[in-house]
S.K.: 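Take this structure first; my questions come after.
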Amino acid sequence: MCGISGIYNLKRNDPISGEILDRMLEAIAHRGPDGKQVMVFDRIGLGFNRLSFLDLKGGMQPLLNEDRDIVMACNGEIYNYRELREELMAKGHVFTTKTDVEVCLHLYEELGEEFPKKLNGQFAIALYDMKEEKLLLVRDQTGICPLFYTLADGRVIFASEIKGILEYPGIERRLNLKAVDQLMNFPGVVAPNTFFKNIYSMRAGHMLRILPGKEPVDMEYWDMIYPAEEPEDKGEKYYVEKLRDLLEKAISRRLIADVPIGFYISGGLDSSVVSCYISEKRLLTPDQKAYTFSAEIRSENQNDKTYKALDESRFQQMVKDRVTAAYPGRFEHSSVVVNEDEIWQYLPKVIYHAEAAVKESYDVAAFLLSDLVMKSDAKAVLTGQGSDEFFCGYAGYTMDPFRKLMRSRMTKEELESNELLWGDPYFRFERIHPEIRKIHETLYSADVRSEIGSFSAISTSPVNVERLKGLSDPRRRSYIDYKLRLSDHLLGEHGDRMVSAHSVEGRHPFLDAEILDFMTTVPDEHKIKGTNEKYLLKRAAEGIVPDEILKRKKFPFQAPGMSAMTKSSGAEKFLDEAFFEKVRAQGVFDVDQVRRMKELYSSDGFRLMGAYEIDYLLIVLTVTMLCETYHMTL
């Protein structure tokens, strides 16, 4: 990942400070340590921090077109750039670099605002058309690359991370309670919301058009559109063979670079598919080395059966054996152990880089994994992210048929809530929201509780309910997972922010545009067979991934939560009297209820059920950390 920042003048005669732009870049320098550059024009200033992958000597940005009337800064990778470059050169376009992202400039010249529809990659783009005085901000289809913005002082200020925006003088640092409530109800914050009031996240698959004297216009250029009718069934063999071909292409595209690339080995199905395709299909070139990385999750209490189950080292070894056999003498593996001590030690840094509160501690594991990559020669790492959302991988997909048998037990309140949020009274995404709202009302402070109607995350749907009409349960759940779990949570604070903190780029083959388009055409029965989730992916991995991994019961990537952390030595430092005083002073949560919760979590025998229960104490702790770190107030 690289870093971009910029200032756009909504007023004509208002000079832009290059010094401010430089400070904005410095705040996100970890995203691109290979060089930086600032360009200032009449109405706009653009800054760029570079993390080099292609054209190492000549690929500095911002880039200008041939006529020098369009300027662009792009964070990301365009994986179909070779085909696009050939097409554009045939039409007479002149390229000045060998980078992949330069195609965006010339595509805009050809297609105007339609240009993002041609891109297969991960990108956040700021493109300025000097003739029209028009700024376009664009985020990729699934939200791999972040882009944030705010309006202040007659200007649009934007950057790859919020900490860059905060360098602009006078930006308010206020906590957005809507984001806190989203974290309480959903997997994480949902764009355009962030934890910073009046600072917004670009939504995945969206473009923002900004012109002088006009309100910015938010336009959707892509969405995961599932057909309401079941697609024509072409037979299992067709879908398996097609997916195998698409996977090999998607993985191969993400191994292209002028620098070393690595990949994660978690022991789970998704990363194993990526790793084993690389090894069994011999996708590395003769001069490429296999850099692999894994995290071993452990507990201070080695007799704890719950956390013994988190240890996937046996399955990781199976994959490592495959990679070693494929690339003898060219294999380098690194691993890190994650337990309660590491979580306590690194959680403050995680919150700083995430720019968000969290409800699961596995961001620390992602942070430490990225640190391993940084210490190796690799500058990017391939992951298995995005498989669960589009191949029916979470527990909810297998539970939906059983929930239909429990319709008579649903209360009137739940039916109304489900209808409002998900477009179907009988569809339960993850939580019974009227029930957990009762918990939230006891946890919020009296002042915040009295205003809950103004920031409630469940008063309106966080997704476009029209897109859910007529969909089967698997397709409905997949769409919601993409919108609520993937873009801003897994790819955002858990993904991009953790790798970028270490000047590393994450690449995700399962989110290849061709794979996503293909998955909208696959009938449900090939994605999930009864309780056998990710059926199609497993079939496409047969003979490539070890059978024992293919037959494993789905196990979510987890790390110890607060019910374990409160019983470890680090709790004394973080959950002391000073912590409760911060909770009281910040005024978000009821300090007496937080004390009672801490006592409950610390009691013998109390254990949260991993990812299936909400870790409210971790939410309180990390909201408190976030406010303290960024000097935020209500």
S.K.: If you measure only the distance, is there a donor-acceptor pair under 3.5 Å linking the side chains of Glu113 and Tyr108?
M.R.: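 Side chains of Glu113 and Tyr108: no pair found under 3.5 Å.
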S.K.: Are more than 12 heavy atoms, taken from residues, nucleotides or ligands other than Arg282, located less than 6.0 Å from that residue's CZ atom?
M.R.: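 Enclosed: over 12 neighbouring heavy atoms sit under 6.0 Å from CZ of Arg282.
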S.K.: So do the side chains of Lys527 and Val522 get within less than 4.5 Å of each other, counting heavy atoms only?
M.R.: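 Yes, their side chains come closer than 4.5 Å.
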S.K.: Under 6.0 Å from the ring centre and within 45 degrees of the ring axis: does the NZ or CZ of Lys529 meet both conditions for the six-membered ring of Tyr535?
M.R.: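 Pair Lys529/Tyr535 counts as cation-pi.
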S.K.: Please list, chain by chain and in numerical order, all residues satisfying ring-ring contact (aromatic ring centres under 6.0 Å, His included) with His433, sequence neighbours excluded.
M.R.: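 With sequence neighbours excluded, His433 shows a ring-ring contact (aromatic ring centres under 6.0 Å, His included) to Phe186, given in chain and number order.
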S.K.: Considering residues at least two apart in sequence or located in another chain, which fulfil the side chain to side chain contact (heavy atoms under 4.5 Å, CB included) criterion with Pro187?
M.R.: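 Partners of Pro187 under the side chain to side chain contact (heavy atoms under 4.5 Å, CB included) test: Phe429, Glu430, Leu484, Arg485, His489.
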S.K.: Is a donor from one side chain sitting under 3.5 angstrom from an acceptor on the other, for Ser472 and Arg475?
M.R.: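 On atom types as modelled, these side chains qualify, holding a pair under 3.5 Å.
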S.K.: Once salt bridge (Lys or Arg N to Asp or Glu O under 4.0 Å) is applied, what residue pairs with a partner in residues 511-520 remain, sequence neighbours excluded?
M.R.: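 As it turns out, the salt bridge (Lys or Arg N to Asp or Glu O under 4.0 Å) pairs with a partner in residues 511-520, which skip direct neighbours, are Arg253-Asp512, Arg253-Glu514, Arg254-Asp512.
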S.K.: Enumerate the ring pair (Phe, Tyr, Trp, His ring centres under 6.0 Å) contacts for residues 232-267, please, sequence neighbours excluded, ordered by first and then second residue.
M.R.: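 The answer is Tyr239-His526.
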S.K.: Atom CG of Leu468 and atom CD1 of Ile480: how far apart are they, to the nearest 0.5 Å?
M.R.: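 Here the rounded value is 5.0 Å.
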S.K.: Is the shortest heavy-atom distance from the side chain of Leu137 to the side chain of Met207 under 4.5 Å?
M.R.: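 Not in contact.
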S.K.: Verify the distance criterion only: is there a donor paired with an acceptor across the side chains of Lys538 and Asn532 at less than 3.5 Å?
M.R.: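 Yes - a donor-acceptor pair under 3.5 Å links their side chains.
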S.K.: Kindly assign one of parallel, tilted or perpendicular to the pair Tyr362 and His494, based on the angle between their ring planes and the thresholds 30° and 60°.
M.R.: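 Tilted: the ring planes of Tyr362 and His494 meet at 30° to 60°.
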S.K.: Backbone N or O of Tyr79 within a donor-acceptor pair of the Asn120 side chain at under 3.5 Å?
M.R.: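 Pair absent, no side-chain N/O of Asn120 close to backbone of Tyr79.
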S.K.: Tyr616: which residues meet the ring-ring contact (aromatic ring centres under 6.0 Å, His included) condition with it, sequence neighbours left out?
M.R.: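 Tyr616 satisfies ring-ring contact (aromatic ring centres under 6.0 Å, His included) with His440 only.
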S.K.: Run through Arg428, Arg437, Arg407, Arg409 and flag the one making a salt bridge (Lys or Arg N to Asp or Glu O under 4.0 Å) with Glu414.
M.R.: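 The salt bridge (Lys or Arg N to Asp or Glu O under 4.0 Å) with Glu414 is passed solely by Arg428 among Arg428, Arg437, Arg407, Arg409.
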S.K.: Less than 3.5 Å apart, any donor N or O on the side chain of Tyr479 or Asp223 sitting next to an acceptor on the other?
M.R.: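 Indeed, the side chains of Tyr479 and Asp223 share at least one donor-acceptor pair under 3.5 Å.
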S.K.: Partners of Tyr200 by ring-ring contact (aromatic ring centres under 6.0 Å, His included), sequence neighbours excluded?
M.R.: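 Only Tyr149 meet the ring-ring contact (aromatic ring centres under 6.0 Å, His included) criterion with Tyr200.
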S.K.: For atom NZ of Lys118, is the number of surrounding heavy atoms from other residues, nucleotides or ligands below 6.0 Å larger than 12?
M.R.: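 Atom NZ in Lys118 is not crowded, with 12 or fewer foreign heavy atoms closer than 6.0 Å.
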S.K.: Do the side-chain N and O atoms of His333 and Ser294 include a donor-acceptor pair separated by under 3.5 angstrom?
M.R.: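 Per modelled atom types, His333 and Ser294 side chains form a pair under 3.5 Å.
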S.K.: May I ask you to establish whether Arg403 and Tyr426 are in a cation-pi arrangement, using a distance under 6.0 Å from NZ or CZ to the six-membered ring centre and at most 45° from the ring axis?
M.R.: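 No, a cation-pi geometry is absent between Arg403 and Tyr426.
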